[in-house]
Amino acid sequence: WRQGLLRVRLQTLDSASSVSARQSQGADDRSSPSWRSPTTKAFTPEAWRALMDELEREPSAREMRDLFPLSRSRLRWLCILCESTGLRAAELIAARREHVHVTRGGALLEVIGKGSRAREVPLPKVAIEATREYFAAREIDFDSAPPETPLLGSLRDSTQPLTYSSLYETFTRFVRRAVERCSLEP
């Protein structure tokens, strides 16, 4: 099962947090310790917990010398946003600050999805809080950020969006680390 997981693709991000959709279709087996459902390619709740546990572990001295704190913040944001919204990788990469609308009643993210269809995705409180924290880690004030600021920024220049290939490499490396340290049983 671990080798199968190591072949993780951005397809996982593309459908990763469809837990609620799977539940409504009766396909969510919460007792299963597997990382992904064979039909949805989505992580199970246990797998999401293992990913979050990886983000909460104490970093090594080497990791602290690199861009690890910002990378960890970005990965935490990515996991929270994906788990709570089900956004596809392309939607994440295209999202800009101007697409987030915060009101007293909540927040919405405008995205152009599959088939070039525009839609509004509700952002739960945890997702908007994670977004604010991620912007702060990038030393950008969320409320006064320029409209073109990417939600998912590059580590080297957070005003530039992360590329699809960088997102793939980053997420794959992160999942590999989590798999090596996780306690899920096959």
Side-chain angles (χ1 to χ4, degrees), residues 10 12-21 42-43 45-60 63-113 118-175 177-178:
L10 279 180
T12 302
L13 280 178
D14 289 343
S15 64
S17 53
S18 59
V19 171
S20 61
F43 290 129
E46 294 84 3
W48 280 116
R49 184 69 249 154
L51 293 176
M52 295 309 288
D53 287 348
E54 173 63 17
L55 290 171
E56 293 169 7
R57 74 171 177 80
E58 192 67 31
S60 69
E63 289 170 327
M64 289 306 291
R65 284 192 306 270
D66 298 333
L67 293 170
F68 188 76
L70 183 55
S71 176
R72 177 182 278 193
S73 178
R74 181 174 69 184
L75 284 166
R76 181 179 180 281
W77 174 82
L78 183 63
C79 285
I80 289 171
L81 204 75
C82 286
E83 184 180 24
S84 63
T85 65
L87 290 174
R88 291 173 162 72
E91 295 168 339
L92 286 166
I93 291 168
R96 302 289 184 267
R97 171 57 185 97
E98 66 188 328
H99 301 143
V100 178
H101 304 285
V102 180
T103 65
R104 288 190 327 207
L108 293 172
L109 175 63
E110 295 175 12
V111 297
I112 304 296
R119 63 187 177 113
E120 289 183 330
V121 177
L123 293 176
K125 185 177 180 180
V126 66
I128 200 67
E129 287 172 358
T131 303
R132 288 181 184 283
E133 290 170 12
Y134 173 49
F135 267 60
R138 294 161 61 188
E139 299 180 356
I140 300 171
D141 178 62
F142 178 78
D143 293 315
S144 62
E148 67 278 359
T149 303
L151 294 188
L152 184 57
S154 165
L155 291 179
R156 304 279 178 209
D157 181 358
S158 64
T159 64
Q160 296 300 309
L162 191 66
T163 65
Y164 190 88
S165 61
S166 292
L167 177 58
Y168 173 82
E169 291 169 16
T170 299
F171 195 73
T172 301
R173 191 171 41 249
F174 168 62
V175 170
R177 276 195 321 262

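Remark: L78 CG to S73 OG distance equals 11.0 Å, nearest 0.5 Å.
Residues I80 and Y134 are not in side-chain contact: their nearest non-hydrogen atoms beyond the backbone lie 4.5 Å or more apart.
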Residues L92, W77; criterion side chain to side chain contact (heavy atoms under 4.5 Å, CB included); working and verdict:
CA-CA 11 Å; L92 286 166; W77 174 82; 4.1 Å; yes
Applying side chain to side chain contact (heavy atoms under 4.5 Å, CB included), run through I93 and T163 and close with a yes or a no.
CA-CA 7 Å; I93 291 168; T163 65; over 6 Å; no
Start with the C-alpha distance between V121 and R119, add both sets of side-chain angles, then the distance that settles side chain to side chain contact (heavy atoms under 4.5 Å, CB included), and finish with yes or no.
CA-CA 6 Å; V121 177; R119 63 187 177 113; 3.6 Å; yes
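Scanning all heavy atoms of the two residues, the minimum distance from P124 to T85 falls at CD-CG2, 4.3 Å.
For the salt bridge (Lys or Arg N to Asp or Glu O under 4.0 Å) condition, no pair includes a residue of residues 94-104, sequence neighbours left out.
Exactly one of L108, L87, L109, V102 qualifies for a side-chain contact (heavy atoms from CB on, under 4.5 Å) with L123. That residue is L109.
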Donor-acceptor list for residues 146-155 side chains, cut-off 3.5 Å, not counting sequence neighbours:
{"from": "T149", "atom 1": "OG1", "to": "P146", "atom 2": "O", "distance (Å)": "2.8"}
{"from": "S154", "atom 1": "OG", "to": "R156", "atom 2": "N", "distance (Å)": "3.3"}

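Under a 3.5 Å cut-off, the side chain of S166 and the backbone N or O of L162 do not form any donor-acceptor pair. Here the side chain of E91 pairs a donor or acceptor atom with the backbone of R88 at under 3.5 angstrom.
Comment: R76 engages E133 in a salt bridge, judged by a side-chain N to carboxylate O separation of less than 4.0 angstrom.
Seen from the ring of F135, R138 counts as a face-on cation partner, given the 6.0 Å and 45° thresholds.
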